[in-house]
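Worksheet: the structure to be examined is printed underneath.
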Protein chains: 2
Amino acid sequence: MTPIEQDAPLGRRDLRKQQTRAALTGAALRLCALRGFDQVTVDDISTEAGVSSRTFFNYFASKEDAVLGDHLVEVDAMRARLAVLLPTMPVLEAVRRAVLLVVAAMEADRDHWFLRMEIIQRSPQLLPRLVLSNAEAERATTEQIAAHLGVDPIAHGYPALVVAATSASFRVAATRWMAAAGRLSLGALVDEAFSGLAAGLPDPDIPPPRPRAGAPVPPG
Amino acid sequence: MTPIEQDAPLGRRDLRKQQTRAALTGAALRLCALRGFDQVTVDDISTEAGVSSRTFFNYFASKEDAVLGDHLVEVDAMRARLAVLLPTMPVLEAVRRAVLLVVAAMEADRDHWFLRMEIIQRSPQLLPRLVLSNAEAERATTEQIAAHLGVDPIAHGYPALVVAATSASFRVAATRWMAAAGRLSLGALVDEAFSGLAAGLPDPDIPPPRPRAGAPVPPG
DNA sequence: AATAAACTTGCAGCCACTGCAAGTTTAAGG
DNA sequence: CCTTAAACTTGCAGTGGCTGCAAGTTTATT
């Protein structure tokens, strides 16, 4: 998504490919935010981007992919960071810090993400696919943590549990971030969520506007 | 899914509808487990179930729905149970106990769930839709907890966080359950996952069978 | 038995998506 | 500069998911 300027050899061919890809995602996001996801055909997007609909499918495997993006780059970066962090701190803390990479990428791509939010809100069918793009990453991270701990990733539930819980927390933070239209820092929201996790999700202290019925009995 | 025998008025019409629906899901699960999800057409399923493909879409909105089911009943039951439990115990504990209802439903429907697992493993595209069916339920539960705590569900992150984390934990437990082909109790796996959550996901104590290679040296 | 309601089905059609076989553009080597 | 190979685009034809419509058929109602 974010136009990445690498020192890699960029012939005018690869340059044009990047342009086309950007044009397609741009058109997809713009049109879908305007009309709603299923009121936009692949042909609309392709025409808006100035290519044929057949070409669209040379760039994206599905209409949804064009809207949601792939985010593979960040995933790889996160895996590398995790590898460095895991040996030096508790798992949960390592994951928290690694996730900050994704936070940075999303904050850098604010505009696209806000459009995505609008589109997803109108077409909830998209939300699961967004989760799926994480699913593969989650599986890999689970194995990475299992390897680090020296346990079997299916016999032992911990690695999968940490990954699933942190991933869910991240999603909650991202949702709040987009709901707040960026008035809050995504990083701060993520930190808040991870703190809640690390504390074991205790009932929050509510500044008591009014007491509720049925006494909450602290266990133990 | 599970044939529910209510005292409700069951004319031979509603009876036949139930039969058709069961035949369709049965055919869908059987065929997809055998050949793989996208090697089975709606026509195959309909023919196997003895109805036209047009009728298929009178019962299910999509091919995926036929395989994954809807699970609306359990969701409603869980919501009711939560309403009773919330005022008398911490949120996390209330959710844990409410989830046991879903656990019971799944254990009662073992066979279908194991087929679903096989199918989903071969066609990971299905996993997100399974998550989506939960998404609506999660939103409702979040609001229920927010109302109980007397906080605004978007200003305050706790309700969404608890729901997302517990939901993810449940998914992990279910995955392990299916991976173990039912040799373990789903209830026990869920309890284990919730315990990990309540403890704040600390690094597990690994019984050290052997030190692993590539020495991760914990710094002082 | 007559009427209304519910259910099934075929048909026509939209759209996402794919493989194939052109045609066109760019890169590479002499 | 010219040639050749590779890469990219595109149209075409076809599959399959999914929908609305307009019968036709079955079941419930009075």
Side-chain angles (χ1 to χ4, degrees), chain A residues 8-25 27-29 31-32 35-70 119 122-126 128-130 132-133, chain B residues 8-25 27-29 31-32 35-70 119 122-126 128-130 132-133:
Chain A
L10 274 192
R12 70 185 61 161
R13 183 174 256 159
D14 305 77
L15 194 81
R16 183 144 179 74
K17 268 178 70 177
Q18 259 183 238
Q19 284 178 352
T20 303
R21 191 182 183 84
L24 282 172
T25 56
L29 286 174
L31 290 179
C32 290
R35 290 190 235 157
F37 182 76
D38 26 53
Q39 296 307 316
V40 175
T41 72
V42 169
D43 222 79
D44 294 335
I45 301 174
S46 313
T47 303
E48 177 91 358
V51 296
S52 81
S53 62
R54 189 60 187 82
T55 298
F56 176 95
F57 287 107
N58 288 338
Y59 282 84
F60 300 98
S62 69
K63 193 172 79 170
E64 297 175 344
D65 278 7
V67 171
L68 300 179
D70 42 2
I119 298 170
R122 287 193 198 173
S123 307
Q125 21 157 342
L126 291 177
R129 295 271 173 163
L130 190 58
L132 173 66
S133 66
Chain B
L10 274 192
R12 74 183 59 161
R13 182 174 259 160
D14 305 77
L15 195 80
R16 183 145 177 73
K17 268 177 71 176
Q18 258 183 239
Q19 285 178 353
T20 303
R21 191 181 183 85
L24 282 173
T25 56
L29 287 174
L31 290 179
C32 290
R35 291 190 235 157
F37 182 76
D38 26 57
Q39 296 307 316
V40 175
T41 72
V42 169
D43 222 80
D44 295 335
I45 300 173
S46 312
T47 303
E48 177 92 358
V51 296
S52 81
S53 62
R54 188 61 186 85
T55 297
F56 175 95
F57 287 107
N58 288 337
Y59 282 84
F60 300 98
S62 68
K63 194 172 78 170
E64 298 175 343
D65 278 7
V67 171
L68 300 179
D70 43 1
I119 298 170
R122 287 192 197 175
S123 307
Q125 22 157 339
L126 291 176
R129 293 273 172 163
L130 190 58
L132 174 66
S133 67

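Chain letters run A, B, ... following the sequence lines, proteins first and then strands; every chain starts at 1. Note that the structure is predicted; figures quoted are calculated from it, not measured.
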Min side-chain heavy-atom separation A:Asp44-A:Glu48 under 4.5 Å | no

Taking the side chain as every heavy atom from C-beta outward, state whether A:Arg129 and B:Arg129 have any atom pair closer than 4.5 Å.
-> yes

In whole angstroms, how far is the P atom of C:dA27 from the CZ atom of A:Arg16?
-> 12 Å

Quick one, give me the B/S/- string for nucleotides 15-20 of chain D, reading 5' to 3', where B means a protein heavy atom under 4.0 Å from the base and S means that only happens at the primed atoms, P, OP1 or OP2.
-> --SBBB

Under the side-chain contact (heavy atoms from CB on, under 4.5 Å) test, residues paired with B:Thr47 that sit two or more places apart | B:Asp43

Axial bend angle, the helix from C:dA1-D:dT30 to C:dG30-D:dC1: five-pair end segments, nearest 10° = 20°

Starting from P on C:dT18, measure out to CD on B:Gln39 and report it in whole angstrom.
-> 13 Å

Could you state the atom-to-atom distance from CG of A:Asp65 to P of C:dT18 in whole Å?
-> 10 Å

Is the number of heavy atoms from other residues, nucleotides or ligands within 6.0 Å of CZ (B:Arg35) greater than 12?
-> yes

For the residue pair A:Phe57 and A:Val42, establish whether any side-chain heavy-atom pair is separated by less than 4.5 Å.
-> yes

Looking at residues at least two apart in the chain, or sitting in another chain, which of them share a side-chain contact (heavy atoms from CB on, under 4.5 Å) with B:Tyr59?
-> B:Lys17, B:Thr20, B:Arg21, B:Leu24, B:Thr55

Pairs under 3.5 Å (N/O, protein and nucleotides 7-9 of chain D):
| unit_1 | atom_1 | unit_2 | atom_2 | d |
| --- | --- | --- | --- | --- |
| D:dA7 | O4' | A:Arg13 | NH1 | 3.3 |
| D:dA7 | N3 | A:Arg13 | NH2 | 3.3 |
| D:dC8 | OP1 | A:Lys17 | NZ | 2.9 |
| D:dT9 | OP1 | A:Tyr59 | OH | 2.9 |

Set of side-chain contact (heavy atoms from CB on, under 4.5 Å) partners for B:Phe37, sequence neighbours left out | B:Cys32, B:Lys63, B:Glu64, B:Val67, B:Ile119, B:Ser123, B:Gln125, B:Leu126

